[in-house]
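What follows is one structure encoded as structure tokens, with my remarks underneath.
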Amino acid sequence: RHKLSNYLVYETVRNNRQWYVLVYGEYPSIRSAKHAIHNLPSALQRDKPWVRSIQHVQSELN
């Protein structure tokens, strides 16, 4: 629907609630990842996306 590419969706639990996390792209720095948020479709920006390191994502997947 948003015509994204290079993304991953995974399921996790936060605050005893089921979450589906969208991981979008790989970036050379946190700064560039934060800047990329401004280029997301406005419908995704409304959900207040945040930046996480690949290590954080991998720890949730394990």
Evaluate the side-chain proximity of Glu11 to Glu60: yes if any heavy-atom separation is below 4.5 Å, no if none is.
-> no
Would the number of heavy atoms belonging to other residues, nucleotides or ligands and lying under 6.0 Å from CD1 of Ile37 be above 12?
-> yes
Whether over 12 other heavy atoms sit under 6.0 Å from Arg17 CZ = no
Using the rule that two of Ile, Leu, Val, Met, Phe, Trp, Tyr join whenever any of their side-chain heavy atoms come within less than 4.5 Å, decide whether Leu61 and Val23 are in one cluster.
-> yes
Heavy-atom closest contact (Tyr20 atom, Gln18 atom, distance) = OH-NE2, 2.9 Å
Straight-line distance of Tyr10 OH to Gln58 CD, nearest 0.5 Å = 10.5 Å
So if you build clusters from Ile, Leu, Val, Met, Phe, Trp, Tyr with side-chain heavy-atom gaps below 4.5 Å, do Trp50 and Val21 land together?
-> no
Check each of Leu40, Val9, Leu8 against Tyr24 using the side-chain contact (heavy atoms from CB on, under 4.5 Å) test, and report the only one that passes.
-> Leu40
Is Trp19 reachable from Leu44 through a run of hydrophobic residues whose side-chain heavy atoms are each under 4.5 Å from the next?
-> no
Leu4 vs Leu22 side-chain heavy atoms within contact, under 4.5 Å = yes
